[in-house]
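What you see is a predicted model; the values in this text were computed from it and never measured. Both counts, for ligands and for their atoms, begin at 1 and track the order of listing.
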Amino acid sequence: MKIIDHIKNSKKTLFSFELLPPLKGHNISGIYRTIAPLMEFNPSFINITYHQEEVVYKKHKSGLLEKKIVRKRPGTVAISAAIKYKYPAVDVVPHLICGGFSREDTEYALIDFHFLGINNILALRGDPPKAQRVFTPEKDGHQYACALVSQIMDMNRGKYLDDELENTTATDFCVGVAGYPEKHLESPNVTTDLKYLKQKIDAGAEYIITQMFYDNQKYFSFVKNCRDAGIMVPIIPGLKPITTLKDMGTLPQVFNIDIPEDLVKELNKCKSNEDAFHVGVEWSTVQSKELIGFGVPVLHYFTIGISENIRQIVSSVF
Ligand code: FAD
């Protein structure tokens with residue numbers, strides 16, 4: 001089922017979560033171990049992230065460095081298909097990014113999803129690879145997620161890149177996009193960021209999943225600002241429970257988000273990562289309950305390969 005239909009057909013808040021493909025060299029059993037404890041809470045859908053190639057330098061015995069292009073977490077398409085067939089009641093939402101994809105590559109990826117019967121996509125630009133500061137699209141690739149949404153919508157109208165194709169089959173993708181309650185890192189200001197978010201919706205995206213946030217007021221203001229800007233689609237809050245003490249420093253840096261003072265105080269009392277894990281569960285549980293009270297369509301959790309915290313949260317929330 002399309003994510004937008006899950007939302008339209010439900011009067012209560014739904015549950016969903018995001019998974020990362022395993023690091024190259026590991027098998028899919030870790031994915032199933034993450035999913036299994038969460039199945040009793042009837043997730044409506046599971047997202048699978050997409051990871052583009054990165055440049056790494058391999059040191060040889062001679063001391064010379066070899067530049068290599070690697071994909072550390074391959075397998076998004078295969079994992080999506082494997083989950084779809086193992087858990088037929090759950091929909092999968094593979095992420096598709098602009099980075100590393102030409103338009104042709106994008107079309108082939110969409111054809112694969114279409115043939116696999118996967119009709120939900122989260123369309124993203126992707127971050128610049130670690131060694132680069134600025135996002136650079138592939139030759140003939142998309143610079144912004146908005147253009148990726150447009151390409152998918154073209155295929156939904158039966159328009160492929162080769163306009164000489166005849167009697168083409170129209171795809172039927174339901175597309176979601178990312179939104180940033182605390183503004184995207186590269187955006188000069190909130191108003192500009194919202195203008196570009198609206199472009200993605202006008203291009204055909206049907207819902208938004210937000211970046212993580214730890215202060216629900218940021219989400220409430222974001223929803224209001226979106227509505228004022230004419231963005232009327234469902235806005236799904238994304239939540240990532242804190243799991244380690246290190247998160248306090250890394251999350252703001254990587255995701256351009258604030259950790260509220262009260263949460264920092266609680267984390268500063270922790271003597272171990274185990275303590276921080278419990279604080280993360282408690283904070284996220286309170287956030288989740290308030291968001292349900294607000295009437296959010298879905299609570300979407302970023303698992304980062306750990307499901308015990310999500311299990312504890314959803315068991316007291318749903
Ligand atoms: P865009 O919507 O293209 O926006 C990128 C920046 O450009 C923003 O600052 C925006 O304001 C600006 N902008 C947009 N359009 C224009 C325009 N026409 N002119 C000028 N500026 C413009 N990354 C991955 O690599 N893989 C994943 O699986 C993944 N999953 C994610 C899931 C969620 C829920 C979220 C919130 C993020 C995810 N990301 C993922 C991270 C995402 O790719 C990065 O945040 C990326 O930097 C921006 O992606 P976007 O789709 O929001 O980009």
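- With a 4.0 Å cut-off on non-hydrogen atoms, Q199 touches ligand 1 through its side chain and not its backbone.
- Put simply, no part of Q52 is less than 4.0 Å from ligand 1, judged by heavy atoms.
- Nearest protein neighbour of atom 23 (N) of ligand 1, counting heavy atoms only, is G126 CA, 4.0 Å.
- Atoms of ligand 1 found under 4.0 Å from any heavy atom of A178, numbered from 1 in the order shown, are 35 (C), 36 (C), 52 (O).
- For the atom pair CZ of F113 and CD1 of I118, the computed distance is 6.0 Å after rounding to the nearest 0.5 Å.
- Between the choices I209, T210, N47, L124, the shortest heavy-atom distance to atom 37 (C) of ligand 1 belongs to L124.
- Closest to atom 2 (O) of ligand 1 among all protein heavy atoms lies K200 NZ, 2.7 Å.
- There is a side-chain donor-acceptor pair under 3.5 Å between H95 and N47.
- Counting protein heavy atoms only, atom 4 (O) of ligand 1 is closest to Y144 CD2, 4.6 Å.
- With atom 14 (C) of ligand 1 as the reference point, the heavy atom nearest to it among Y50, F135, Y196 is part of Y196.
- P21 is listed as a side-chain neighbour of T76, based on a closest heavy-atom distance under 4.5 Å.
- With atom 10 (C) of ligand 1 as the reference point, the heavy atom nearest to it among D193, V254, T49 is part of D193.
- The aromatic rings of F45 and H6 are tilted relative to each other, their planes meeting at an angle between 30° and 60°.
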| task | Decide side chain to side chain contact (heavy atoms under 4.5 Å, CB included) for L122 and E18; before the verdict, give the C-alpha distance in whole Å, the side-chain angles of both, and the deciding distance to 0.1 Å. | result | CA-CA 11 Å; L122 193 72; E18 178 191 282; 5.7 Å; no
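- Scanning the protein for heavy atoms near atom 51 (O) of ligand 1, the closest one is R125 N, 2.8 Å.
- At distances below 3.5 Å, not a single donor-acceptor pair connects side-chain atoms of S10 with backbone N or O atoms of I7.
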| CA sep, side-chain torsions, deciding dist, call: M1, N9, side chain to side chain contact (heavy atoms under 4.5 Å, CB included) | CA-CA 11 Å; M1 198 196 292; N9 294 344; 3.7 Å; yes
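- Of all protein heavy atoms, the one closest to atom 46 (C) of ligand 1 is D127 OD1, 3.3 Å.
- Inclusion of E186 in the set of residues having an N or O under 3.5 Å from an N or O of ligand 1 is not warranted.
- Using a 4.0 Å cutoff on heavy atoms, Y180 counts as a contact of ligand 1.
- Between A145 and ligand 1, a contact under 3.5 Å exists for at least one N or O pair.
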| query | Which is it for W283 and I242 under the side chain to side chain contact (heavy atoms under 4.5 Å, CB included) test, yes or no, and what are the steps along the way? | reply | CA-CA 8 Å; W283 190 271; I242 298 275; over 6 Å; no
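- Rounded to the nearest 0.5 angstrom, E308 CD and L38 CG are separated by 9.0 Å.
- Below 4.0 Å from some heavy atom of Q211 lie the following atoms of ligand 1, by number and element: 36 (C).
- Note on D275 versus K269: no salt bridge recorded, every NZ/NE/NH1/NH2 to OD/OE distance being 4.0 Å or above.
- At under 3.5 Å, a nitrogen or oxygen of H95, whether backbone or side chain, sits near a nitrogen or oxygen of ligand 1.
- For the pair H184 and ligand 1, the shortest N or O to N or O distance falls below 3.5 Å.
- When each atom of ligand 1 is checked for a heavy atom of I97 under 4.0 Å away, the hits are 24 (C), 25 (O), 26 (N).
- Annotation: F17 is not in aromatic contact with F41 [ring centroid separation under 6.0 Å not met].
- Polar contact with ligand 1: absent for T192 (N/O pair, distance under 3.5 Å).
- A donor-acceptor pair is defined here as one N or O able to donate and one able to accept, closer than 3.5 Å; such a pair exists between the side chain of T13 and the backbone of V296.
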